[in-house]
Amino acid sequence: MSDDKKEPIVKQDKDGQEGNSASQELSQVDMPSALSVKQLADLLGVGAVEVIKQLMRNGVMANINQAIDFDTAAVIAADFGYKANKQPVPVQTKPSATAKGGKLSPCPPVITIMGHVDHGKTSLLDAIRQSNIIASEAGAITQHIGAYQAEVNERRITFLDTPGHEAFTAMRARGARATNIAVLVVAADDGVMPQTVEAINHARAAEVPIVVAINKIDKANANPDRIKQQLADLGLIVEEWGGDTVCVPISAKKRQGIDDLLENLLLVADMLELKAEPDCPAEGIVIEARLDKTKGPLATLLVQKGNLKPSDNLVIGNTWGKVKAMFNDLGKQIRKAEPATPVEVLGMNAVPQAGDSFVVVANERAARTVLEKQKGVQQGFSTAAKTLSLTDLSTQISAGQVKELNVVLKTDVQGSIEPVKDSLEQLGDEKIRVRVIHSGSGSITESDVLLALASKGIIIGFNSRPEPGAHRLADLEGINIRYYSVIYELVNDVDKALKGMLEPTLTDVIEGHAEVLAVFTTGKKAKVAGVSVKEGKARRDALSRVLRQGESIHESRVSSLRRFKEDIREVSAGLECGVGIENFLDFQVGDVIQFYRHEKVI
């Protein structure tokens, strides 16, 4: 370390823990979203051994080359007297361009429309598109990308067409904040439905303002006041009732109230004071991407900072390329994309993922350098490091990393939600509290997993099991799912986790899924299912669970496993076999058999 670098002042508390001097102003340090222990030590100007010691004091075991996430690095930086600022990308890009300004200019708001199926989301988008689209042509307009801009009083509004609330949350789970305002569409003749509640919870978790559009007010059985009451029960109090939620009655079919809705969106945007820096290398996120048979990889980008131009060199996630051409939502080629402008870009070397960040770099060599550094940082780094489980909760509480336990609660029936939710929210103290961010009945879905991932929370299933796709996603992203059938055991486990007293427990490890294709009688009181193993493997003597329409109807062991009249030990995915389940005869075509084992979680 150079002699002219100022040493941060640290002090020892009673437990030997290092902390910042209260009288010292924290120095600033820029960090990427993930970095190795050695890189962190270099940034802080201390030895790697000191950083490793401090990580251990905070309950994190890591070696010198292991990657840690920004939140963990920020805690360690604070221990050494530094305040961490998050960089959008791991390395600096075009310093000469960023030095130009730092000047911020107003930019259009980015809107996502959410709500229940058949409540008129698509009709509303079509009404806005046909009435207010930025174009000189008259008549119907074909939309070429999953986003477009409308114009109101010479001001622009950007709409994202593709994300439903699941895609909306999937992008946020990847670190992408694409939306400034969420528009919740509720049908006046139908009312608040389960997907409406999900949309509200996803928007709240994203911490974006919600504007309610009560659609279909032209119908004879429309009842807007009932909708407002239902929203109030969910905590959304409309302005006319003394709350702060903007609510606009509309009829997308008859084009009523559309202008009023757009004007209110601009008012909400004005309160947010949305601004972006135009004079710098462009940055933003991927809205969607696809592989075109003739054009190759195409990516729809939302510019969030700077101006994107043809011939710019881009790095998007683990891909790179040069912008050969840009097209707006009307399919017209354009020469510049300003902040909050969606464009389709041609010229990437591969198809990026939705939610990936992009940044403009100086040249192809710089692009390759960025990719190499990002790969080095990401090596050894897993999403699980960013997620939370009950078993490591006390460690993160003591390290000051967690002050709120976010829970996605799914139960078998609607009547179980309130007692379980109330019991959970009464737990905790001044250090940490339990917050149920979403609750519902039925099986655990991919949407639930995405919400838990984006909110760094856990999923609790009370007599509820995950769908196969949800289980795969939870395993991939390291999301902790806990299953309970007795309410006091559920509450007791969460309470012990908050107090750091949770004992090791058994969890289900799914080994495979099979679908029942036929049912065969093998004796007077014996039936077997002819199945196709869809994923993993089916194993004789494995624990099994029969699922019907997502609900568990029986649990026991596999009693027999046969293929071509031969008894076998296991069958892999893609093959068919006969399966017998202990004490179960009521197989139906379409049932799913889940094979699993118990594993102790420490």
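All heavy atoms count here, side chains included; hydrogens, waters and symmetry mates do not.
The local environment of CG in Asp422 is crowded, with over 12 non-hydrogen atoms from other residues, nucleotides or ligands closer than 6.0 Å. Applying the 6.0 Å contact sphere to CD of Gln549 captures no more than 12 heavy atoms from other residues, nucleotides or ligands.
Between Pro278 and Ala276, the shortest heavy-atom distance links the atoms CD-O, 3.3 Å. For Leu451 against Asn201, the heavy-atom pair with the smallest separation is CD1-O, 4.5 Å. The two residues Gln594 and Pro466 make their nearest non-hydrogen contact at NE2-O, 4.3 Å. Summarising the geometry of Pro209 relative to Val268, their closest heavy-atom pair is CB-CG1, 4.1 Å, with the distance given to 0.1 Å. Shortest non-hydrogen contact noted between Ala252 and Asn215 is N-OD1, 3.0 Å. Across all non-hydrogen atoms, the minimal contact from Asn180 to Val208 is O-CB, 3.7 Å.
Atom CD of Glu515 sits about 12.0 Å away from atom CD of Glu535, to the nearest 0.5 Å. Atom-to-atom distance recorded for Leu160:CG and Thr158:OG1 is 7.5 Å, nearest 0.5 angstrom. Rounding to the nearest 0.5 Å places CG of Leu547 at 5.5 Å from OG of Ser552. In this structure, CG in Leu274 is found 11.5 Å from CD in Gln304, a value given to the nearest 0.5 Å. Between the CD1 atom in Ile437 and the CG atom in Leu405 there is a gap of 9.5 Å [rounded to 0.5 Å]. For the atom pair NZ (Lys253) and NZ (Lys219), the distance works out to 7.0 Å, reported to the nearest 0.5 Å.
When atom types are taken as modelled, the side chain of His438 and the backbone of Val408 share no donor-acceptor pair closer than 3.5 angstrom. Between the side chain of Gln230 and the backbone N or O of Val192, at least one donor-acceptor pair lies under 3.5 Å. For the pair Lys410 (side chain) and Ser443 (backbone), a donor-acceptor distance under 3.5 Å is present. No side-chain donor-acceptor contact under 3.5 Å links Asn264 to the backbone of Leu261. In this structure a side-chain-to-backbone donor-acceptor pair under 3.5 Å is missing from Ser455 to Ala452. Under the 3.5 Å distance criterion, the side-chain polar atoms of Asp412 are left unmatched by any main-chain donor or acceptor of Ser464.
Side-chain atoms of Met193 and Glu198, non-hydrogen and from C-beta on, never get closer than 4.5 Å to each other. Two residues are said to be in side-chain contact when any heavy atoms from C-beta on lie closer than 4.5 Å; Leu301 and Glu283 fail this criterion. Using a 4.5 Å cut-off on side-chain heavy atoms (C-beta onward), Glu555 and Tyr596 make contact. Residues Ile250 and Ile217 have side chains not in contact (no heavy-atom distance under 4.5 Å, counting atoms from C-beta outward). No side-chain heavy atom of Val486 sits under 4.5 Å from any side-chain heavy atom of Leu490. In this structure, the side chains of Val212 and Val238 stay at 4.5 Å or more apart for every pair of heavy atoms. The side-chain heavy atoms of Gln195 and Met114, taken from C-beta on, include no pair separated by under 4.5 Å. Between Ile181 and Val110, every side-chain heavy-atom pair lies at or beyond the 4.5 Å cut-off.
The residue from Ile316, Val286, Leu298, Leu308 that alone fulfils the side chain to side chain contact (heavy atoms under 4.5 Å, CB included) condition with Val345 is Leu308.
Using modelled atom types and a 3.5 Å distance limit, the side chains of Ser416 and Thr411 yield no donor-acceptor pair. Side-chain contact annotation: Ser123 with Asp126, donor-acceptor N/O pair under 3.5 Å absent. Residues Asp218 and Ser251 bring a donor and an acceptor atom of their side chains to less than 3.5 Å of each other. Tyr484 and Asp493 form a side-chain donor-acceptor contact under 3.5 Å, judged by distance and modelled atom types alone.
Salt-bridge annotation for Lys456 and Asp71: present, with a side-chain N of the basic residue lying under 4.0 Å from a carboxylate O of the acidic one. The existence of a salt bridge linking Asp270 and Arg155 is confirmed by a sub-4.0 Å separation between a basic side-chain nitrogen and an acidic carboxylate oxygen. Note on Arg472 versus Glu467: no salt bridge recorded, every NZ/NE/NH1/NH2 to OD/OE distance being 4.0 Å or above. Between Glu551 and Arg465 there is no salt bridge, since no side-chain N of the basic residue sits under 4.0 Å from a carboxylate O of the acidic one.
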For this session: I would like to know whether Ile200 and Leu184 meet side-chain contact (heavy atoms from CB on, under 4.5 Å); could you show each step before the answer?
Result: CA-CA 8 Å; Ile200 292 171; Leu184 180 69; 3.5 Å; yes
For this session: Start with the C-alpha distance between Val152 and Ile157, add both sets of side-chain angles, then the distance that settles side-chain contact (heavy atoms from CB on, under 4.5 Å), and finish with yes or no.
Result: CA-CA 8 Å; Val152 183; Ile157 301 177; 4.2 Å; yes
Problem set entry | Chi angles and distances behind the side-chain contact (heavy atoms from CB on, under 4.5 Å) call for Asp190, His119 | CA-CA 8 Å; Asp190 198 7; His119 278 201; 2.9 Å; yes
Exercise. Does the pair Ile459 and Val449 meet the rule for a side-chain contact (heavy atoms from CB on, under 4.5 Å), with working shown?
Worked result: CA-CA 7 Å; Ile459 299 173; Val449 177; 3.8 Å; yes
